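Only one structure is covered here, and it is reproduced in the block below.
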Amino acid sequence: MIAFNSMNVRIWSMLGSCGAFGQAALDLPEVNDRVVVLTSDLCVFSGLERFRAKFPDRLYNVGIAEQNMVGVAAGFAKEGFVPFATTYAAFASMRCADQVKVNMGYMGLPIKLVGLTAGFAVGALGATHMSLEDVAVMRAIPNVTLLSPADCTATVKAVQVAATCPGPVYLRLSGPMPNPIVYKGDCPFEIGRANTLRDGTDVSVIATGSMVYQALKAAELLEGAGVSTEVIDMHTIQPLDEDVVNRACGRKLIVTVEEHSVVGGLGSAVAERIACCVRHPRLLMVGHEGRYPLAGSYGDLIRQDGLDAESIYKKVIQHLKEKT
Amino acid sequence: MILGDGECDEGSVWEAAAAAAHYRLNNLIAIIDQNQLQYDGPTAQVLDLSDMTAKWRAFGWEVMSVDGHDVEAVAAACDKCGDRPLAIIAQTIKGKGVSFMENVPAWHHGMVTQKIYDQAMAELEA
């Protein structure tokens, strides 16, 4: 079994979320003997070279044909296998949306669809490869469990959780390479149960994926400015941890942070939930807004969208001022 | 329209190919950049599309095969459009003219630094 020791945590972080997936995959046949892995010309990119060498009869590269990959995965699932299928998050969610709807949503087949480089991780390739809508698409499809790990440690954990969970899963991998470390060792990863990483009473910051790290840094800045800030790692976006959201309704402000469009993402999920509560504070949704950005480096794209800790901190301070 | 040979793995390419022939789009030319490499390696290993000429012809296209680095040959082929859409299979070498890039799959997705750029340009201009 994979050890969640500090050396591995550092290695996974250096490899980034795709490489961490490949490392976790090496252990999958041990976690679940029925696991097979499919990819669409992204074997190397998904860190699966060692997996292919070790388990050649469990790795299927279908070429640049993502829709067919989901179809092939459905076939494997029907035959009792547990297929993991990898491609860029943009293609997994948008190009394959109908195959996902029919095979994962409608038929409920236990396909584990891995959306690589969600958000801006391959922003250098331009808008075609940015994935700012995948959460919105997947949230709209019933039956699909949507996991969005905060770092590479949580990614390895999420892969293991996905392998043992009975239904269809969309695993959203995000963040730069190297990937900032949130979890220095083994971490809790229970589907539908968010991790509270920092306690606070004024503001509740609910973040997901790569933005958890930025949220924690922003919380430190807020604490310095006298704002007691709670940080929640919402690693499961569907089903959402409603208890945590209900609890956050007791704060002065709820902030959601995601490397995704504010339309249909984590912010929307939280908004839909709190709209049903009798009393709730204002909600500040931090994420991508408006048009597709031009191609750029990860750091530049994040800053441009105000998704870095400093920008998040400023937005929260401004919001708190506006309210009073 | 320019297509990669790896890109021809996509089903949408063949849906478009069928529609273009059905509607006899004789003003449509597809140049297929056949460098025989995609992200994970040689196209024949990742997903073997075998005889590209036969495939495009079977979809109802006129097909020509040219040296993709011979610009005049490509231009001349473009004049051959008849009553059907035309597919020009351009045989190319990925990274042509740059010794350390030629036929190296990693350059499918490689990032060019200033230093690498200078080296490559020096070779191309030599």
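Because the structure is a prediction, the values reported are computed rather than measured. Order of the sequence lines sets the chain letters (A, B, ...), proteins ahead of strands, with each chain counted from 1.
Top candidate by heavy-atom pairs under 4.5 Å with chain A, chosen from B:L49, B:D40, B:L47, is B:D40. When B:D48, B:V13, B:V46 are compared by the number of non-hydrogen pairs under 4.5 Å with chain A, B:V46 comes out ahead.
Donor-acceptor pairing under 3.5 Å is recorded for the side chains of A:T86 and A:T39. For the residue pair B:D118 / B:Q114, a side-chain donor-acceptor distance below 3.5 Å is found, with atom types taken as modelled. For the residue pair A:S261/A:E133, the side-chain donor-acceptor check at 3.5 Å is not satisfied.
Taking every heavy atom of both residues into account, B:Q38 and A:G63 meet most closely at NE2-CA, 4.5 Å. Heavy-atom minimum distance, B:M52 versus B:I32: CE-CG2, 4.1 Å.
Scanning residues 67-100 of chain B against chain A with a 4.5 Å non-hydrogen threshold yields no residues.
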In residues 109-132 of chain A, what donor-acceptor pairs under 3.5 Å come from side-chain atoms, sequence neighbours left out?
| residue | atom | partner | partner atom | Å |
| --- | --- | --- | --- | --- |
| A:K112 | NZ | A:A162 | O | 3.1 |
| A:K112 | NZ | A:C165 | O | 2.7 |
| A:K112 | NZ | A:G167 | O | 2.6 |
| A:S131 | OG | A:A90 | N | 3.4 |
| A:S131 | OG | A:D134 | OD1 | 3.1 |

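Both the backbone and the side chain of A:D41 come within contact range of chain B, with heavy atoms under 4.5 Å apart. Using a 4.5 Å cut-off between heavy atoms, A:E49 does not touch chain B at all. With a threshold of 4.5 angstrom between heavy atoms, B:E7 approaches chain A through N, CA, C or O but not through any side-chain atom.
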| query | Run the side chain to side chain contact (heavy atoms under 4.5 Å, CB included) check on A:Q160 and A:D27 step by step: do they pass? | reply | CA-CA 8 Å; A:Q160 295 180 338; A:D27 211 35; 3.7 Å; yes

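With respect to the salt-bridge test (charged N to carboxylate O, under 4.0 angstrom), the residues B:D51 and B:R57 do not qualify.
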